[in-house]
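Accompanying notes for the structure given below.
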Amino acid sequence: EVQLVESGGGLVQAGKYLTLSCAVSGFTFDDYAIGWFRQAPGKEREGVSCISKKDGTTYYADSVKGRFTISSDNAKNTVYLTMNSLKPEDTAVYYCAAGEYYSGLYYYLSQDLYDYWGQGTQVTVAS
């Protein structure tokens with residue numbers, strides 16, 4: 001059974017940092033891209049960042065580039081999203097997702113390419 005479990009969300013002051021974790025199981029980590037998405041109240045879900053172990057690449061949305069870092073611990077089958085210099089507009093429910101990866105990681109900010117999703121974790125940034 002494929003499972004993705006997010007953790008690490010919470011309430012944080014603007015300018016601070018937070019690290020989210022996504023523990024994955026039930027599939028071969030190497031063959032999948034793992035993406036982080038977020039959905040703010042009243043807005044559509046948007047891609048934040050993604051990572052591929054197959055070709056060792058990462059990709060970021062312009063809104064978080066330079067502030068967020070995606071990484072993985074392959075031994076733990078866990079993907080992290082370290083979020084620095086948080087802003088109130090980063091407030092959202094954050095989801096991780098897995099999609100079979102072929103090539104071209106820049107396409108994988110699209111949620112359409114993902115088959116499996118976690119339950120989400122709330123991040124609230126207070127001004």
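Hydrophobic clustering, with ILVMFWY side chains joined whenever heavy atoms are under 4.5 angstrom apart, keeps L105 apart from I34. Under the 4.5 Å side-chain heavy-atom criterion for grouping Ile, Leu, Val, Met, Phe, Trp and Tyr, L109 is not connected to V64 through any hydrophobic cluster. Taken together through direct or relayed side-chain contacts under 4.5 Å among Ile, Leu, Val, Met, Phe, Trp and Tyr, V5 and W36 form parts of separate hydrophobic clusters. Linking Ile, Leu, Val, Met, Phe, Trp and Tyr residues whenever their side-chain heavy atoms come within less than 4.5 Å leaves V24 and Y80 in two separate clusters. Taking hydrophobic clusters as Ile, Leu, Val, Met, Phe, Trp and Tyr residues chained together by side-chain heavy-atom distances below 4.5 Å, Y116 does not share a cluster with Y101.
Note that SG of C96 and CD of Q119 are 7.5 Å apart. Values are rounded to the nearest 0.5 Å. Distance check: E6 CD to C22 SG gives 5.5 Å after rounding to the nearest 0.5 Å. Interatomic distance, Q122 CD to Q39 CD, rounded to the nearest 0.5 Å: 11.0 Å. We find the CG-SG distance between L113 and C50 to be 9.5 Å, quoted to the nearest 0.5 Å. With rounding to the nearest 0.5 Å, the separation of CG in L18 from CG in N84 is 10.0 Å. If you take CE on M83 and OG1 on T69, they are separated by 11.0 Å, rounding to the nearest 0.5 Å.
The shortest non-hydrogen separation linking T82 to T19 is OG1-OG1, 3.4 Å. Contact detail for G26 and V2: the closest heavy-atom pair is O-CG2, 3.7 Å. A pairwise comparison of heavy atoms in T78 and S21 identifies CG2-CB, 4.2 Å as the closest pair. Taking all atoms of both residues into account, the shortest heavy-atom contact from V12 to L86 is CG1-CD1, 3.6 Å. Across S127 and A14, no two heavy atoms sit closer than the pair CA-CB, 4.3 Å.
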(request) Report the C-alpha distance between F27 and Y32 in whole Å, list the side-chain angles of each, state the deciding distance to 0.1 Å, and finish with yes or no for ring-ring contact (aromatic ring centres under 6.0 Å, His included). (result) CA-CA 8 Å; F27 59 91; Y32 282 75; 4.6 Å; yes
(request) Run the numbers on F37 and W117 for ring-ring contact (aromatic ring centres under 6.0 Å, His included), then give the verdict. (result) CA-CA 10 Å; F37 294 79; W117 292 82; 4.9 Å; yes
(message) Would L20 and T121 count as a side chain to side chain contact (heavy atoms under 4.5 Å, CB included) here? Give the steps.
(response) CA-CA 8 Å; L20 306 181; T121 186; 4.1 Å; yes
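Between D90 and K87 there is no salt bridge, since no side-chain N of the basic residue sits under 4.0 Å from a carboxylate O of the acidic one. No salt bridge links K54 with D30; every basic N to acidic carboxylate O contact stays at or beyond 4.0 Å.
Judged by distance alone, the side chain of S85 and the main-chain N or O of G15 form no donor-acceptor pair under 3.5 Å. The backbone N or O of Y60 lies less than 3.5 Å from no partner atom in the side chain of Y106, so there is not a single donor-acceptor pair. Without hydrogens or angle criteria, T57 side chain to D55 main chain gives no donor-acceptor distance under 3.5 Å.
At least one test fails for R38 against the ring of Y95: distance under 6.0 Å to the centre or angle within 45° of the axis.
In this structure, Y114 and Y108 have perpendicular ring planes: the angle between them is above 60°, well past the 30° mark.
Within 6.0 Å of atom NZ in K43, 12 or fewer heavy atoms from other residues, nucleotides or ligands are found, so the atom counts as exposed in its surroundings. Counted within 6.0 Å of OH on Y107, heavy atoms from surrounding residues, nucleotides or ligands total 12 or fewer; the atom is thus considered open.
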